Amino acid sequence: MLRIYMAAAGLAIMLTAHGNAAVRYLAPTKIWILETDRTSYVLGINELNELQHVYFGKKLLRDADLVAVRATGGYAFESKEGMTPEEYPGWGGMRYFEPCLKVTTAKGTRDLVLKYVSHEIRGDVLDIRLKDIRYDLGVTLSYQVFPGYDIIRKQSRIENRTSAPIVVESAQSGVWYVPAGGGYRLSYLTGRWAGETQLMREPIQPGKKVLESRRGNTSHQANPWFAIDAQGAADEEHGRVWFGLLGWSGNWKFSVEQTPNQQVRVIGGYNDFDFGYQLKPGEALETPPFYGGFTDQGFGETSRILHRFERAEILPDRASPHPRPVLYNSWEATEFAVNEAGQTELAQKAAKIGVELFVMDDGWFGQRNDDHAGLGDWFVNTRKFPNGLKGLIDAVNGLGMKFGLWVEPEMVNPNSDLYRAHPDWAIHFEDRPRTEGRNQLILNMARDDVRDHIFGVLDKLVSENNIAFLKWDMNRHFTEPGWPEVPPAEQKKIWVKYVNNVYDVIDRLRARHPKLEIESCSGGGGRVDLGIMRRVDEVWTSDNTEAFDRLRIQEGFSQAYAAKVMMAWVTDVPNMNGRSTSLKYRFLVAMNGSLGIGANLNHWSNEDFALAKNMVGLYKSIRATVQQGRLYRLRMPPDDVMANEYASNDGAQAVLFAFRHSQQLGEPAPPIYLRGLDPNATYRLRRLDGLLLDHGEELSGSYLMNQGLRFNLSGDFAASAVVLERE
Ligand code: DGJ
């Protein structure tokens, strides 16, 4: 498969009748071509001197095919510019569809018409400068091409060069168009706490669909990823798919719109709800990065493109990727009842099964005996830890494991020393009640003094203790988003500045402690996006650790994000839904991501420990393939049988996981056809159990992909796995 693809790519290079630069400007036709290995993105300046979208899709092989662009359409009720796919429409003139930028000037003018000024090509980056027809309000659109990853990144910078303040009411990162026409289908991820990343698909109809967060962070309720396929015809293997992801951990919005003129587009950026960002003369606002791509090989390839890109260009270890450790987390075992003796006992048991990182969760600090007190007081509770953290950390390190610690730095309980000293630090309006969520308020991280306090606390914690890992949690969303210390005209900046200051603290912390690793958590998967992922090594997927529910959550997650960052714990049963599954089933589900264990090991039997040790050993032998390899979703919900295959990039190993929900009428499980193998290679099978039916010990890629493998998955919640090693 890999060789076939490489051969095809080689052919494409031979046929390409132009230079190799990823960004090219064709001066005679005023056209730019942004090119990745397999896609082309084309835009140009039309006769109105406006920036117009031309094409995004499979790579075009001849520059000479492209002619100068012209705005089209126009009649009494629609203008040419309104009907033209503009790359960055301002709200002004005769335009009625979702704009990329909307402003109000100091005089109250609400009309913005952006025209092309100049451009600059810097390697794989194209900067295009636009300016309003009257005011010196400039926009720089930056397009960065990632040729080997088939991804283009858009970002815009809005600059007020006038002599009076301007209020930006909507600032979008950019717009992605699909070819004009109807019949498209939208895929997106929605959910709620303990039910994140549920994959939805629905036809795109005339009108608008909004996906958004108004909650101050990315949210469990919707995730900033979309995919659009042509004629709703794509599946895991086939079909044209356009997709995008926003890198922002605050209020965001996607407007998926089909105009009456059959333009289908997705505009994404800051949520314009309660936005109102004031720019004083000389000030600028940068929008979040908006990443987009195209494939003609369906949703499976969409995900593989994104996973590869995230590992190579987004994650903190992008320069030298390394596998995630197997971790233990105390939360579900002990909740707030942590102490040195109890955690040491768990650590001893965790070490025996091969855990590499022991993480103590909530409950270790201040007066934190339940969720009513303590947040903000980030000093160790000496009643629980008489030797400070050192006693436990030394024990954990002595067992050969690294130590990690839970923190929730952005939060404060009213019942805390911090709040008693600084009640004004919590986000609030002066004359309004302060709504508590989980008995806590949010510290106003938009304030630089609060930001610096938080940095100081975390820096001290990490400097004084051998902490290798922080789990950074955030357990409520914004309410009453006031910031009384700044003038009313600037208070709405809180939405942007808060997030940038969270990023700033993490960035400074990592710069000061280069070996420190961080997990992003927000009551589960509430803060999962490419903005935070540039700064954290992994994310907590969901507080729902029930294995069968997890399959669906993980499957949605995998549409957009790499298995490497997807933390998945094995926990106790009965779990959510009152459901119990076998320990083996729970391990196999969790092994589809970055494996963790969150069970109370004090309740495990000798058999449980033996099985866990084997499973952790198996995971270590395949984790490079799961975490860094290519994912093939072979069978997905609502199928009774689900199967995922991970194939290593060098083709040496593949691993197949198979799960059955409930056998009915004695039906045998269907064969599972593998993908992405070399048909001519021979693979040796490493069986996990006796459930794999009669097959030889060595099988060709051709057999595995065409004849498939059959498992005896009977009863309810059966699971198995097999590892294939290339001979
Ligand atoms: C929410 C997280 O998602 C859990 O894993 C745990 O860390 C709790 N917070 C602790 O309060």
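These numbers come from a predicted model, not from an experiment. Position 1 is the first residue of the sequence; numbering continues from there. Counting convention: from 1, in listed order, for ligands and their atoms alike.
Counted within 6.0 Å of NZ on K384, heavy atoms from surrounding residues, nucleotides or ligands total more than 12; the atom is thus considered enclosed.
Using a 4.0 Å cut-off to heavy atoms of W540, the atoms of ligand 1 that qualify are 3 (O), 5 (O). Below 4.0 Å from some heavy atom of C521 lie the following atoms of ligand 1, by number and element: 2 (C), 3 (O). For ligand 1 and R438, the ligand atoms under 4.0 Å from any heavy atom of the residue are 11 (O).
Residue F336 has no nitrogen or oxygen atom sitting less than 3.5 Å from a nitrogen or oxygen atom of ligand 1, judged on distance alone. At least one N/O-N/O distance between D362 and ligand 1 falls below 3.5 Å.
For atom 4 (C) of ligand 1, the closest heavy atom belonging to the protein is D543 OD1, 3.5 Å. Regarding atom 7 (O) of ligand 1, its nearest protein heavy-atom neighbour is D361 OD1, 2.7 Å. The protein atom (non-hydrogen) at minimum distance from atom 9 (N) of ligand 1 is D473 OD2, 2.7 Å.
S303 places a side-chain N or O within donor-acceptor distance of the main-chain N or O of Q559, the cut-off being under 3.5 Å. Remark: side-chain polar atoms of D377 are not paired, donor with acceptor, to backbone N or O of S416 under 3.5 angstrom. Within the 3.5 Å criterion, the main-chain N or O of F299 finds a donor-acceptor partner in the side chain of R633.
At a heavy-atom cutoff of 4.0 Å, ligand 1 is contacted by no atom of M411, backbone or side chain. Residue contacts with ligand 1 for N475 involve side-chain atoms from C-beta outward but no N, CA, C or O (heavy atoms, distance under 4.0 Å).
Comparing heavy-atom distances from atom 5 (O) of ligand 1 across K471, E519, M567 singles out K471 as nearest.
T435 OG1 to Q440 CD: the interatomic distance, rounded to the nearest 0.5 Å, is 13.0 Å. The distance from atom CH2 of W331 to atom CG of D473, rounded to the nearest 0.5 Å, is 9.0 Å.
Taking the ring centre of W604 as origin, the terminal cationic atom of K349 falls outside the region bounded by 6.0 Å and 45° from the ring axis.
Using a 3.5 Å distance cut-off with no hydrogens or angles, the side chains of Y561 and D529 do not pair a donor with an acceptor.
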